[in-house]
Amino acid sequence: MAIAAQSVQPRGHSAQWWAQFPAVSEKFDAASITEALADVIIPKIPSPLLRREAEIAAEVVVLQLNRPQSEELAGRAMKAVHRLVATVERLTERATGEETGTEAAYALCHALSGRWGEAAAEVEPLVGTKALLMAFVKALRLERFDNTLTVRLLRAGQSPQIAVQAGLVVGRYAWWPDWLIKVVTERALAGRLDEETITALDQCAYAELSPAQAKMARRLLNGDATVVDGAALRLETLGEPVAAAKLREGDLTAVALAARLIPL
């Protein structure tokens, strides 16, 4: 369904950026994201009559998405969206100035048609980024998942893939000690959290370190040159030259061993 271009140019994330969210979760909830987008977009429609028509269209589309097997609802939803699109285009054509007052309504048309990325990109200047991020993250419908951390990483500039991965790690390993969760957060913010790192950090979590050893392990994980060199020398003295070499090379799997050898 073709919709005319609007006068307002998106300022913020692109439609392609927002479109990454459905790709990072097989459980991405179409009804949830459509309803959430409608909730933030509709109040930005200035015309009461257009706003009411938008509410009716959104209600039937969300109802249909929650009951996808209903042919009757599918037909009603299609008609409601077509009617809303026609109304928006008619109002835009009749507008005499640059401001048509239909920018938000156009974005809603995209959302109700399943083009959530386009809708978010168009409405971001009107509603702000935070509300949209929360809507998309909620729609992921992931279990054992840290929504708060994911939104924080996204607001800090990380890509959806990296932010969601970090949210899954923290949710999956919620039993990890606080100092290790902080390391995960720091590495995620820096874009340096991958599966190899997660495996190494998991070994540290199982190490049952004392507070002093945990503090030292965190410095080792952060690459503190002085601490790394001292720990490597200790490993060499104890007959572990291979582990010492790995530690100097930045191998995270050697951190847990080095930390456990630090005196209590």
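Quick caveat: nothing in here was measured; it's all calculated off a predicted structure. Just the heavy atoms: all of them, side chains too, but no hydrogens, waters or symmetry mates, feed the values below. Start at 1 with the first residue, then count along the sequence.
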Is the shortest heavy-atom distance from the side chain of Glu143 to the side chain of Lys27 under 4.5 Å?
yes
Which pair of heavy atoms, one from Leu84 and one from Ala57, lies closest together, and at what distance?
CD2-CB, 4.1 Å
Which pair of heavy atoms, one from Ala107 and one from Ala119, lies closest together, and at what distance?
O-CB, 3.2 Å
Minimum-distance pair of heavy atoms, taken over all atoms of Ala231 and Leu247
CB-CD2, 3.7 Å
How close do Ala36 and Ala135 get, counting heavy atoms only, and between which atoms?
CB-CB, 3.5 Å
Within the side chain of Glu124, is there an N or O that forms a donor-acceptor pair under 3.5 Å with the backbone of His13?
yes
Could you tabulate the donor-acceptor pairs under 3.5 Å formed by side-chain atoms of residues 40-56, not counting sequence neighbours?
from: Ser47; atom 1: OG; to: Leu50; atom 2: N; distance (Å): 3.3
from: Arg51; atom 1: NH1; to: Ile45; atom 2: O; distance (Å): 2.5
from: Arg51; atom 1: NH1; to: Pro46; atom 2: O; distance (Å): 3.4
from: Arg52; atom 1: NH1; to: Glu55; atom 2: OE1; distance (Å): 3.2
from: Glu53; atom 1: OE1; to: Thr87; atom 2: OG1; distance (Å): 3.3
from: Glu53; atom 1: OE2; to: Thr87; atom 2: OG1; distance (Å): 2.9

So for atom CZ, which belongs to Arg141, do other residues, nucleotides or ligands contribute more than 12 heavy atoms lying within a distance under 6.0 Å?
yes
Using a 4.5 Å cut-off on heavy atoms from C-beta on, say whether the side chain of Leu132 contacts that of Leu37.
yes
Rounded to the nearest 0.5 angstrom, the NZ-CG distance for Lys138 and Leu133 is 14.5 Å
Give, for atom CG of Leu108 and atom OG of Ser113, the distance between the pair rounded to the nearest 0.5 Å.
9.0 Å
Answer whether the closest heavy-atom distance between the side chains of Phe21 and Leu154 falls below 4.5 Å.
yes
Establish whether Leu73 and Val81 are linked, either directly or via other cluster members, by ILVMFWY side-chain heavy-atom contacts under 4.5 Å.
no
Among Leu233, Val227, Thr226, find the one that has a side chain to side chain contact (heavy atoms under 4.5 Å, CB included) with Asp229.
Leu233
What distance do Gln16 atom CD and Glu118 atom CD have between them, rounded to the nearest 0.5 Å?
8.5 Å
Grouping I, L, V, M, F, W and Y whenever their side-chain heavy atoms are under 4.5 Å apart, do Leu63 and Leu112 come out in a common cluster?
no
Tell me, yes or no, whether the heavy-atom count around Arg152 atom CZ, taken from other residues, nucleotides or ligands under 6.0 Å, exceeds 12.
no
Do Val164 and Ser25 have side-chain heavy atoms sitting under 4.5 Å apart?
no
Distance in Å, Tyr173 OH paired with Leu168 CG, rounded so as to fall on 0.5 Å steps
10.5 Å
Side chain of Gln158, backbone of Ala188: donor and acceptor closer than 3.5 Å?
yes
Linking I/L/V/M/F/W/Y whenever any side-chain heavy atoms sit under 4.5 Å apart, do Tyr106 and Val85 land together?
yes
Minimal non-hydrogen separation, Trp18 against Ala121, with atom names
CD1-N, 3.8 Å
With rounding to the nearest 0.5 angstrom, report the CG to CG distance, Asn147 to Leu140.
7.5 Å
With rounding to the nearest 0.5 angstrom, report the CD1 to CD distance, Ile181 to Glu186.
11.5 Å
Taking all non-hydrogen atoms of both residues into account, name the closest pair between Arg115 and Cys109 and its distance.
NH2-O, 4.5 Å
Given side chains that start at C-beta, do those of Leu153 and Ile162 come closer than 4.5 Å, heavy atoms only?
no
Residues, nucleotides or ligands: over 12 heavy atoms within 6.0 Å of Glu59 CD
no
Are any non-hydrogen side-chain atoms of Lys130 and Arg155 less than 4.5 angstrom apart?
yes
